[in-house]
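Everything on this sheet refers to the single structure shown next.
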Amino acid sequence: MTLMGLGILPSDHPLSLGMLGMHASRATNLAMEECDLLIAAGVRFDDRATGRISGFCPRAKVIHVDIDASEIGKLRPVDAGITGDARRALADLLPQIRRRDRGEWNGCIRRLQQDNPRFHDQDFAPGQPFQLIRRVAELAGPRALISTDVGKHQMWVAQAYPFTDPRQLLTSGGLGTMGFGLPAAIGAALAFPERPVICFSGDGSLQMNIQELATAVEQEVDIKIVVLNNQSLGLVRQQQRLFYEQHYFASSYRIAVDFAAIARGFGMRAYDLTGADNPDALLQQALGQPGPCLINVPIDIEAEVSPMVPPGAANTTMIGADYVRN
Ligand SMILES: Cc1ncc(C[n+]2csc(CCOP(=O)(O)OP(=O)(O)O)c2C)c(N)n1
């Protein structure tokens, strides 16, 4: 799945490979490398998904289905292009396909997944983003709608949130506009007042549209804003570490902004897990009551999104958190 497609298959479905591309798990990108037929439905071969396009799915024939004819063959030559509604196109294709045992291919994918596990135990240590994201998911339940801002927190959510439904994730994947998350969450809560809505934001992104805290309070929307606060523009800082010899510039905040105090200033309920004796109890309390609420969560500034395909490289070039180019 692309970032925008997450949820079309439940993340724990045996055939789900998760997200492909720049921050995919290794097994996913390696499986794409192996595949000999790619049916690409409703996607546009964005570089975050494909990496260097000439190295993307090099062995595959491509069937591209898209409602917009100008997308077909725009970036990746195709062997068959189908212009139309993806659901109808796939339904029409189905009777043409002979049922075949795909044990060998599924076995190959399982081996890739065993050799390259998606997560490691230490990823779920207390204070690490994955642990928090999974716990929020447990508490929010499967009906929750999720919005994100743009940055590391967005990628962590894409990697670790157990999505089960199409359109469950509202995220800015094309332009990647910081400031998207809070207004998107307000919109989701107005459209689906009976569903829990969680906005995962960063301490940078939240400041792009922080005035909308007032709208959330005025409208009494049931949204929970979880600020993964690493006191930095984390994704920028990560690129400075990996590709610019740790020349950190304008990517960290020297002032520790008190987001809970700001939210309270807007009349919003707020919690801060910093230094809490029992952060889990506080989280439960925060998520358990109706109405808008902000939860500030301290995150290690060094926690990184891993693996990462360097911009312009093929998706098989995946570097880990321990990589530094000197
Ligand atoms: C409006 C806007 N400005 C700049 C960028 C470039 N950019 C992408 S991620 C990022 C850092 C985001 O920081 P934060 O919201 O704190 O999230 P983190 O990466 O730390 O999780 C920046 C500056 C952007 N995507 N959108």
Side-chain angles (χ1 to χ4, degrees), residues 2-4 6 19 21-24 46-49 123 127-137 146-161 169-186 198-213 223-244 246-260 262-263 270 272-274 294-312 319-321:
T2 60
L3 172 67
M4 304 308 286
L6 287 175
M19 180 175 71
M22 183 176 264
H23 295 295
D46 168 56
D47 66 354
R48 297 298 160 101
D123 296 338
Q128 290 297 316
F130 285 174
Q131 198 213 39
L132 172 87
I133 290 164
R134 287 287 176 92
R135 185 67 182 130
V136 169
I146 308 305
S147 78
T148 77
D149 265 300
V150 175
K152 289 205 282 196
H153 63 278
Q154 177 189 32
M155 292 299 111
W156 287 323
V157 169
Q159 290 175 328
Y161 199 94
L169 170 64
L170 305 167
T171 196
S172 179
L175 290 173
T177 44
M178 294 163 69
F180 176 88
L182 175 55
I186 294 172
I198 310 283
C199 166
F200 288 101
S201 189
D203 48 324
S205 292
L206 187 62
Q207 296 189 57
M208 297 279 167
N209 268 323
I210 201 158
Q211 76 284 0
E212 299 305 333
L213 291 174
I223 64 169
K224 307 291 182 273
I225 305 155
V226 181
V227 186
L228 277 71
N229 188 343
N230 53 7
Q231 256 188 263
S232 63
L233 299 167
L235 207 53
V236 175
R237 195 174 183 280
Q238 174 164 335
Q239 300 232 0
Q240 291 173 345
R241 187 182 82 81
L242 292 176
F243 309 123
Y244 294 93
Q246 298 123 75
H247 287 172
Y248 298 124
F249 181 77
S251 58
S252 58
Y253 290 110
R254 271 179 284 167
I255 297 169
V257 176
D258 186 343
F259 286 99
I262 291 177
D272 193 338
L273 304 196
T274 312
L294 180 141
I295 306 142
N296 183 68
V297 185
I299 296 288
D300 181 358
I301 192 170
E302 303 297 344
E304 292 202 333
V305 182
S306 177
M308 177 171 191
V309 176
I319 58 180

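We count ligands from 1, going down the list as the structure has it; atoms in each ligand are counted the same way.
Of all non-hydrogen atoms in Ser306 and Gln159, the two that sit nearest each other are O-NE2, 3.3 Å. Nearest heavy-atom pair, Met308 versus Phe243, reported as atom, atom and distance to 0.1 Å: CE-CE1, 3.8 Å. Across every non-hydrogen atom of His23 and Pro307, the tightest pair is ND1-O, 3.1 Å.
Among Asp149, Ile210, Leu182, Leu235, the one residue that satisfies the side chain to side chain contact (heavy atoms under 4.5 Å, CB included) test with Ser205 is Asp149.
Between Leu206 and Leu294, the closest side-chain pair of non-hydrogen atoms falls below 4.5 Å.
Annotation: side-chain contact (heavy atoms from CB on, under 4.5 Å) contacts of Thr2 (sequence neighbours excluded): Met4, Leu20, Val43.
Residues of the protein with a heavy atom under 4.0 Å from ligand 1 are Val150, Gly151, Lys152, His153, Gly176, Met178, Gly202, Asp203, Gly204, Ser205, Asn230, Ser232, Leu233, Gly234, Leu235, Val236, listed by chain and number.
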